[in-house]
Amino acid sequence: MASGYSGYKLADEDHVGGQTQVAPEWETIRVVFHNFAELPSQRGVCTQSSVLKCHGLEWKIELYPGGDSKSSEEDVFVSLHLCSKSCTNTNKIKAKYKIRVPSAGRAVGGQAFRIFSPEDLWGFSDYAKREDVLDVSNNYLLDGNLTVEVDVQVMLDKPP
């Protein structure tokens with residue numbers, strides 16, 4: 001039993017008008033894209049991970065080795081996106097994320113909490129220049145593979 005105010009014993013409680021949301025700890029999902037240099041590198045061509053689970057939700061990491069449709073047309077960039085497979089028009093998700101390539105020591109993200117729709121992709125159109133990713137001195141690739149980690153924190157409804 002919870003104690004109440006002014007010495008009264010609180011028997012029950014209700015919150016009206018929405019639930020309190022809490023941010024649980026960060027959780028990480030990881031994908032290793034094997035033989036990065038051999039993946040299709042045309043602009044707009046995507047290579048996806050299988051479905052990954054994090055915070056009880058389903059996600060995919062999308063890699064565009066030659067950049068997505070929003071990428072610069074002058075330089076070839078690698079694009080990375082996090083995609084929620086659990087989000088629907090009636091079940092929107094508030095999330096915070098960071099995308100990183102641990103071998104290169106490079107992380108981007110940490111955006112503020114936002115509500116996303118299922119059509120939204122969260123990520124970076126111009127994560128890094130393709131030539132920099134392929135340059136072995138930059139440590140993006142280990143044995144030719146690109147490892148991408150995404151740290152995710154999701155605002156969850158706190159049960160009353």
Side-chain angles (χ1 to χ4, degrees), residues 14-72 76-130 132-134 138-160:
D14 185 20
H15 292 263
V16 178
Q19 295 203 11
T20 305
Q21 290 196 315
V22 295
E25 293 184 14
W26 288 92
E27 291 184 3
T28 301
I29 52 178
R30 174 186 299 142
V31 176
V32 178
F33 293 98
H34 291 277
N35 302 312
F36 174 82
E38 296 174 21
L39 294 175
S41 60
Q42 297 88 348
R43 190 168 172 256
V45 176
C46 174
T47 300
Q48 292 185 357
S49 71
S50 58
V51 172
L52 303 162
K53 296 207 183 227
C54 182
H55 292 294
L57 301 170
E58 294 182 339
W59 310 87
K60 280 191 176 186
I61 296 176
E62 296 182 351
L63 168 71
Y64 293 81
D68 64 15
S69 61
K70 297 177 185 173
S71 292
S72 166
V76 178
F77 281 86
V78 172
S79 300
L80 291 167
H81 298 279
L82 175 65
C83 179
S84 168
K85 299 317 240 175
S86 298
C87 189
T88 65
N89 286 329
T90 58
N91 177 34
K92 300 200 185 290
I93 296 171
K94 287 185 180 181
K96 192 174 185 179
Y97 66 96
K98 290 181 264 183
I99 296 177
R100 56 192 161 92
V101 176
S103 60
R106 180 149 192 256
V108 291
Q111 277 72 16
F113 289 103
R114 294 183 290 169
I115 296 176
F116 295 92
S117 71
E119 294 82 26
D120 287 338
L121 292 176
W122 318 332
F124 299 91
S125 292
D126 296 340
Y127 181 81
K129 285 187 175 182
R130 181 174 171 80
D132 291 341
V133 173
L134 292 171
N138 291 325
N139 297 319
Y140 281 96
L141 304 179
L142 292 175
D143 297 326
N145 306 323
L146 179 68
T147 299
V148 176
E149 293 181 343
V150 181
D151 303 318
V152 181
Q153 190 177 45
V154 176
M155 292 296 286
L156 302 172
D157 288 338
K158 180 180 178 183

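Just so you know, these numbers come straight off a predicted model, no measurement behind them.
L141 is listed as a side-chain neighbour of V133, based on a closest heavy-atom distance under 4.5 Å. Between P65 and V45 the shortest side-chain heavy-atom distance does not fall below 4.5 Å.
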side-chain contact (heavy atoms from CB on, under 4.5 Å) for K94 and V154? Distances and angles first, verdict last. CA-CA 6 Å; K94 287 185 180 181; V154 176; over 6 Å; no

Output, in order, the C-alpha distance, side-chain angles, deciding distance and verdict of side-chain contact (heavy atoms from CB on, under 4.5 Å) for R130 and Y140. CA-CA 10 Å; R130 181 174 171 80; Y140 281 96; over 6 Å; no

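To the nearest 0.5 Å, atoms CD (Q48) and OH (Y64) are separated by 7.0 Å. Atom CG in L82 sits 10.5 Å away from atom CG in D151 (nearest 0.5 Å). Interatomic distance, CD of E25 versus OG1 of T28, reported as 11.0 Å (0.5 Å rounding). Taking CD1 of I61 as the start and CD of E149 as the end, the distance is 8.5 Å to the nearest 0.5 Å. Here the CH2-OH distance, from W59 to Y97, works out to 10.5 Å after rounding to the nearest 0.5 Å. Going from atom CG of L80 over to atom CZ of F33 covers 7.0 Å, rounded to the nearest 0.5 Å.
For the pairing with S49, the side chain to side chain contact (heavy atoms under 4.5 Å, CB included) check across V31, V148, V32 returns one residue only, V31.
In terms of heavy-atom proximity, K53 sits nearest to I29 at O-CG2, 3.8 Å. Annotation for A104 and N138: closest pair CB-O, 3.7 Å, computed over non-hydrogen atoms.
Side chain of S103 to backbone of N139: a donor-acceptor contact under 3.5 angstrom is found. In this structure, S79 contributes its side chain and D68 its backbone to a donor-acceptor pair below 3.5 Å. Judged by distance alone, with hydrogens and angles left aside, the side-chain atoms of E27 form a donor-acceptor pair with the main-chain N or O of H55 at under 3.5 Å.
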